[in-house]
Colleague: 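First, the structure itself, so that you have it in front of you.
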Amino acid sequence: MQSTGKATLLIVPGLRGEAPQHWQSLLAAEVPGARTIPPMNENGLSCAARVAAIEGAMAAIAGPVILVAHSAGVLMVAHWAALGTPASRRVAGALLAAPPDLRAGEWPANYPQPEQLRAQGWSPLPEGPLPFPSILAASSDDYLCGMAASRRLAAGWGSELVELGEVGHLNPAAGYGPWPSALPLIERLRCGLVAK
């Protein structure tokens with residue numbers, strides 16, 4: 001495996017806009033050299049546009065990368081990885097936190113609904129093995145994804161499943177804010193301690 005000691009963190013947010021108190025925003029400010037996929041004001045629900053944004057960000061980074069995705073950002077990573085572009089070979093690992101379940105009937109009213117995302121190319125979701133090591137961090141009381149769905153996704157992607165307990169959707173509404181567990185999980189990926 002390639003050395004990942006100097007791997008660049010690429011933060012892949014979900015569908016939210018700017019959220020300064022979100023743990024991903026705080027992580028990006030804390031880790032030197034971290035990059036973030038910017039919010040999308042146009043074609044915001046387009047899966048193709050979001051996947052292109054990951055490819056564009058990867059093209060601007062030299063060397064190994066660790067992806068840090070949350071919510072719909074996890075689905076973006078799965079779609080991008082399925083393309084098998086040369087850039088995906090530089091991914092040393094991915095932390096996939098709180099993915100939503102596209103098979104769900106509906107989500108809370110303040111979120112785009114699963115049928116809206118399905119209509120924008122998010123379905124079918126690639127559920128085969130990812131081409132890089134990954135950790136799927138799942139909440140037992142996430143209103144966008146039940147634990148059974150998280151286990152199914154982790155198994156399909158070949159991800160190590162980390163059950164976080166009752167942390168909601170792991171966002172500011174659930175009290176995160178800082179998420180201290182992110183850095184140790186990222187370090188496990190950086191040190192090559194997660195099997196592919």
Side-chain angles (χ1 to χ4, degrees), residues 1-16 24 27-28 31-40 43-102 117-118 120-138 145 149-162 182-196:
M1 170 179 271
Q2 61 184 316
S3 170
T4 60
K6 296 189 181 297
T8 299
L9 290 193
L10 178 57
I11 311 292
V12 186
L15 300 176
R16 64 182 167 82
Q24 285 181 304
L27 184 67
V31 176
R35 312 276 183 92
T36 301
I37 303 288
M40 298 189 66
N43 302 316
L45 294 184
S46 166
C47 183
R50 299 240 173 202
V51 166
I54 295 178
E55 184 70 9
M58 288 292 296
I61 300 171
V65 173
I66 293 176
L67 302 172
V68 181
H70 175 254
S71 192
V74 174
L75 310 186
M76 291 163 59
V77 166
H79 279 283
W80 174 75
L83 296 178
T85 68
S88 66
R89 293 194 291 271
R90 291 191 292 112
V91 175
L95 174 57
L96 310 172
D101 178 14
L102 284 177
L117 295 184
R118 290 192 289 264
Q120 291 287 329
W122 295 80
S123 184
L125 178 66
E127 295 189 8
L130 296 174
F132 39 74
S134 59
I135 295 172
L136 192 152
C145 187
S150 292
R151 290 188 183 112
R152 174 179 49 78
L153 291 172
W157 291 334
S159 303
E160 177 182 315
L161 179 65
V162 174
L183 280 174
L185 295 174
I186 291 166
E187 191 61 20
R188 292 191 60 230
L189 293 162
R190 189 186 303 277
C191 293
L193 300 177
V194 178
K196 180 174 155 187

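Not measured: the values here are computed from a predicted model. Nothing fancy with the numbering, it's 1 onward along the sequence.
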Colleague: Between atom CG of L153 and atom CG of D101, what is the distance when rounded to the nearest 0.5 Å?
Modeller: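 One gets 7.0 Å once the value is rounded to the nearest 0.5 Å.
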Colleague: Test side chain to side chain contact (heavy atoms under 4.5 Å, CB included) on L130 and S159; report intermediate values, then the result.
Modeller: CA-CA 8 Å; L130 296 174; S159 303; 4.3 Å; yes
Colleague: Could you grab the distance from atom CG of L45 to atom CZ of R118, nearest 0.5 Å is fine?
Modeller: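 It is 13.0 Å, given to the nearest 0.5 Å.
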Colleague: Does the side chain to side chain contact (heavy atoms under 4.5 Å, CB included) test come out yes or no for T36 and Q24, once each step is laid out?
Modeller: CA-CA 9 Å; T36 301; Q24 285 181 304; over 6 Å; no
Colleague: Under 4.5 Å between any side-chain heavy atoms of V91 and M58, yes or no?
Modeller: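 Touching, per the 4.5 Å side-chain cut-off.
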Colleague: Can you tell me if W157 uses its side chain to pair, donor with acceptor, with the backbone of P126 under 3.5 Å?
Modeller: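 Between the backbone of P126 and the side chain of W157 there is a qualifying donor-acceptor contact (under 3.5 Å).
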Colleague: Within the structure provided, determine whether L95 and I66 are in side-chain contact (heavy-atom separation under 4.5 Å).
Modeller: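 No, too far: nothing below the 4.5 Å cut-off.
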Colleague: Under 3.5 Å, side chain of W80 to main-chain N/O of A53, donor-acceptor pair present?
Modeller: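 Checking the backbone N and O of A53 against the side chain of W80, no donor-acceptor pair under 3.5 Å is found.
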Colleague: For the residue pair A34 and A28, what are the closest heavy atoms and their distance?
Modeller: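 Minimum heavy-atom separation between A34 and A28: CB-O, 3.9 Å.
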Colleague: Would the distance check show the side chain of H79 and the main-chain N or O of A48 forming a donor-acceptor pair, the cut-off being under 3.5 Å?
Modeller: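 The answer is no, because no donor-acceptor pair under 3.5 Å joins these two groups.
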Colleague: Quick check: does any side chain N or O of R90 sit under 3.5 Å from a backbone N or O of I61, one acting as donor and the other as acceptor?
Modeller: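 Such a contact is found between R90 side chain and I61 backbone.
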Colleague: Any donor and acceptor pair, going by atom type alone, linking the side chain of R35 with main-chain N or O of L10 inside 3.5 Å?
Modeller: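 No, because the side chain of R35 does not come within donor-acceptor range (under 3.5 Å) of the backbone of L10.
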Colleague: Contact between Q120 and S46 at the side-chain level, heavy atoms closer than 4.5 Å - yes or no?
Modeller: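 Side chain of Q120 against side chain of S46, heavy atoms only: contact under 4.5 Å found.
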Colleague: Evaluate the side-chain proximity of F132 to V77: yes if any heavy-atom separation is below 4.5 Å, no if none is.
Modeller: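 They are in contact (side-chain heavy atoms under 4.5 Å apart), so the answer is yes.
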Colleague: Taking all atoms of both residues into account, what is the closest heavy-atom pair of A72 and P100, and its distance?
Modeller: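 Taking A72 first and P100 second, the nearest heavy atoms are N-CD, 3.7 Å.
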Colleague: Any heavy-atom pair between the side chains of P99 and L136 that's under 4.5 Å?
Modeller: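 When only atoms from C-beta onward are counted, P99 and L136 do touch, with a gap below 4.5 Å.
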Colleague: Is there a side-chain contact between M76 and W122 (heavy atoms, below 4.5 Å)?
Modeller: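 In short, these two side chains touch, coming nearer than 4.5 Å.
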Colleague: Is there a side-chain contact between L117 and C47, using heavy atoms and a 4.5 Å cut-off?
Modeller: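 Of all side-chain heavy-atom pairs linking C47 with L117, none is under 4.5 Å.
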Colleague: Could you tell me the separation between the CG atom of L96 and the CD atom of E160, rounded to the nearest 0.5 Å?
Modeller: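 Between L96 CG and E160 CD, I get 11.5 Å after rounding to 0.5 Å.
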Colleague: L183 versus L27: any side-chain heavy-atom pair under 4.5 Å?
Modeller: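 Yes, close enough: below the 4.5 Å cut-off.
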Colleague: State the OG-CG distance between S123 and L75, to the nearest 0.5 angstrom.
Modeller: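 If we round to the nearest 0.5 Å, S123:OG and L75:CG are 10.0 Å apart.
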